[in-house]
Asks: 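Have a look at the structure that comes next, please.
When a residue number appears, it is its place in the shown sequence, counting from 1.
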Amino acid sequence: MTLPYTETHQDRLLTVNIEDGVQLPGAAPGSSIIPLFLDRENGVWVLYGKFAPGTRLPTHFHTGVVHFFTTKGQWNYLEYPNDPQTAGSYLYEPGGSVHTFSVPDTATEPAEGFMVVFGANINFIDGQFANIRDAGAIEDSIIDAARKAGLPLPRYIRPKGGAEFTRD
């Protein structure tokens with residue numbers, strides 16, 4: 001077999017570094033995110049998150065799978081107190097899972113990690129629907145937060161996507 005012809009040409013690698021990223025406020029107090037990849041059309045989002053001790057995200061339902069790799073600190077889901085996630089932990093969450101992310105008040109450092117999310121988070125506060133967070137909503141909030149804070153728009157990977165007819 002001969003080497004295939006390149007169908008998707010790249011002049012440069014599509015790469016970003018969290019050390020160069022713009023850190024923006026997350027969806028909950030005590031959290032911040034660095035966007036790495038946001039694909040509105042396919043509903044995929046990749047973020048690097050930082051969560052201060054005592055941070056708690058709303059209880060949420062995942063419409064798709066999630067991969068989370070913890071790089072620093074410790075956190076757990078309130079529903080699974082005996083399964084703490086620590087630096088080096090990889091967590092797979094199946095679609096349809098429901099849980100509440102929490103960093104213990106007693107944590108000595110923030111929890112940090114990479115999340116790869118397919119689909120949306122359906123968020124609930126006190127058992128009642130609050131909002132839906134998907135790649136598009138996250139991108140809109142990131143752009144809005146950067147503008148309001150006078151920060152540069154963050155650099156992240158965003159597929160061009162789109163649809164067209166195969167023929168007229």
Asks: State the CD1-CZ distance between I18 and F114, to the nearest 0.5 angstrom.
Replies: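 Here the rounded value is 4.5 Å.
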Asks: Side-chain contact test, heavy atoms from C-beta onward, threshold under 4.5 Å: evaluate it for R133 versus V117 and give yes or no.
Replies: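 When only atoms from C-beta onward are counted, V117 and R133 do not touch, as no gap falls below 4.5 Å.
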Asks: Would you say I132 ends up clustered with V98 if hydrophobic residues are merged whenever their side chains have heavy atoms under 4.5 Å apart, either directly or through other cluster members?
Replies: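 Yes, one cluster joins them.
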Asks: Using the side-chain contact (heavy atoms from CB on, under 4.5 Å) rule, take L91 and Y80 through it: C-alpha gap first, then chi angles, then the decisive distance, then the call.
Replies: CA-CA 13 Å; L91 174 67; Y80 304 94; over 6 Å; no
Asks: Return the NZ to CG distance between K148 and L24, rounded to the nearest 0.5 Å.
Replies: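 Here the rounded value is 12.5 Å.
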Asks: By the ring-ring contact (aromatic ring centres under 6.0 Å, His included) test, which pairs, at least two apart or in different chains, include something from residues 116-138?
Replies: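 Applying ring-ring contact (aromatic ring centres under 6.0 Å, His included) to every pair that reaches into residues 116-138, excluding sequence neighbours, yields nothing.
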Asks: Taking the side chain as everything from C-beta on, heavy atoms only, tell me whether L47 gets closer than 4.5 Å to L38.
Replies: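 Yes, close enough: below the 4.5 Å cut-off.
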Asks: For W45, which residues count as a ring-ring contact (aromatic ring centres under 6.0 Å, His included) partner, sequence neighbours excluded?
Replies: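 Partners of W45 by the ring-ring contact (aromatic ring centres under 6.0 Å, His included) criterion come out as none, since no residue qualifies.
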Asks: Does the side-chain contact (heavy atoms from CB on, under 4.5 Å) test come out yes or no for E93 and V65, once each step is laid out?
Replies: CA-CA 6 Å; E93 303 171 17; V65 302; over 6 Å; no
Asks: Are Y48 and I138 grouped together when hydrophobic residues (ILVMFWY) are joined by side-chain heavy atoms under 4.5 angstrom apart?
Replies: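 Result: no, two separate clusters.
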Asks: Taking atom OH of Y90 and atom OG1 of T70, what is their separation to the nearest 0.5 Å?
Replies: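 If I round to the nearest 0.5 Å, the distance is 11.5 Å.
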Asks: Which of parallel (below 30°), tilted (30 to 60°) and perpendicular (above 60°) describes F51 and F68?
Replies: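 Ring orientation, 0 to 90° scale: tilted.
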Asks: Do V46 and M115 belong together in a cluster built from hydrophobic side chains that touch within less than 4.5 Å?
Replies: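 They do not share one cluster, since no chain of ILVMFWY contacts under 4.5 Å joins V46 to M115.
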Asks: Please tell me whether L36 and V44 are part of a single hydrophobic cluster in this structure, the criterion being side-chain heavy atoms less than 4.5 Å apart.
Replies: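 Yes.
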Asks: Could you tell me which non-hydrogen atom of S97 sits nearest to which non-hydrogen atom of P94, and how far apart they are?
Replies: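 Taking S97 first and P94 second, the nearest heavy atoms are OG-O, 3.0 Å.
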Asks: Please round to the nearest 0.5 Å and tell me the distance separating atom CD of E112 and atom CD1 of I34.
Replies: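 It comes to 8.0 Å.
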Asks: Working to the nearest 0.5 angstrom, can you tell me the gap between L151 CG and I142 CD1?
Replies: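 Result: 12.0 Å between the selected atoms.
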Asks: Please name the pair of heavy atoms, one in Y156 and one in V16, separated by the smallest distance, quoted to 0.1 Å.
Replies: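 Scanning both residues, the minimum pair turns out to be CA-CG1, 4.1 Å.
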Asks: Quick one, P53 and D105 - any side-chain contact, counting heavy atoms below 4.5 Å?
Replies: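 A side-chain contact is absent here, since even the closest heavy-atom pair is not under 4.5 Å.
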Asks: Counting only heavy atoms not in D126, do more than 12 sit closer than 6.0 Å to its CG atom?
Replies: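 No, CG of D126 has 12 or fewer neighbouring heavy atoms, counting only those of other groups under 6.0 Å.
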Asks: Looking only at heavy atoms, which two atoms of A111 and V103 are closest? And how far apart?
Replies: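 Answer, listing the atom of A111 first, then V103: CB-CG2, 3.9 Å.
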Asks: When you compare the side chain of V22 with that of P152, does any pair of heavy atoms fall below 4.5 Å?
Replies: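 Result yes, sub-4.5 Å side-chain heavy-atom pair found.
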Asks: Taking the side chain from S32 and the backbone from Q23, do they hold a donor-acceptor pair closer than 3.5 Å?
Replies: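 Checking the backbone N and O of Q23 against the side chain of S32, no donor-acceptor pair under 3.5 Å is found.
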Asks: Provide the full list of salt bridge (charged side-chain N to carboxylate O under 4.0 Å, His left out) pairs with a residue in residues 13-42, sequence neighbours left out, each pair given once.
Replies: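 Listed once each, the pairs are R40-E139, R40-D140.
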Asks: In Å and rounded to the nearest 0.5 Å, what is the CD1 to OG distance from I33 to S141?
Replies: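 The distance works out to 6.0 Å.
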Asks: Using the ring of each side chain (for Trp, its six-membered ring), is F101 parallel, tilted or perpendicular to Y77, with breaks at 30° and 60°?
Replies: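 Perpendicular: the ring planes of F101 and Y77 meet at over 60°.
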Asks: So which heavy atom on D134 is nearest to which on A120, and how close?
Replies: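 That would be CB-CB, 3.8 Å.
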Asks: Would you name the heavy atoms of N76 and P81 that are closest together and state the gap between them?
Replies: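 Taking every non-hydrogen atom into account, ND2-CA, 4.0 Å.
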Asks: Which atom pair, heavy atoms only, marks the closest approach of I125 to P58?
Replies: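 Scanning both residues, the minimum pair turns out to be CG1-CB, 4.3 Å.
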Asks: Using 30° and 60° as the class boundaries, would you call the ring planes of H99 and H60 parallel, tilted or perpendicular?
Replies: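 Rings of H99 and H60: perpendicular, as their planes differ by over 60°.
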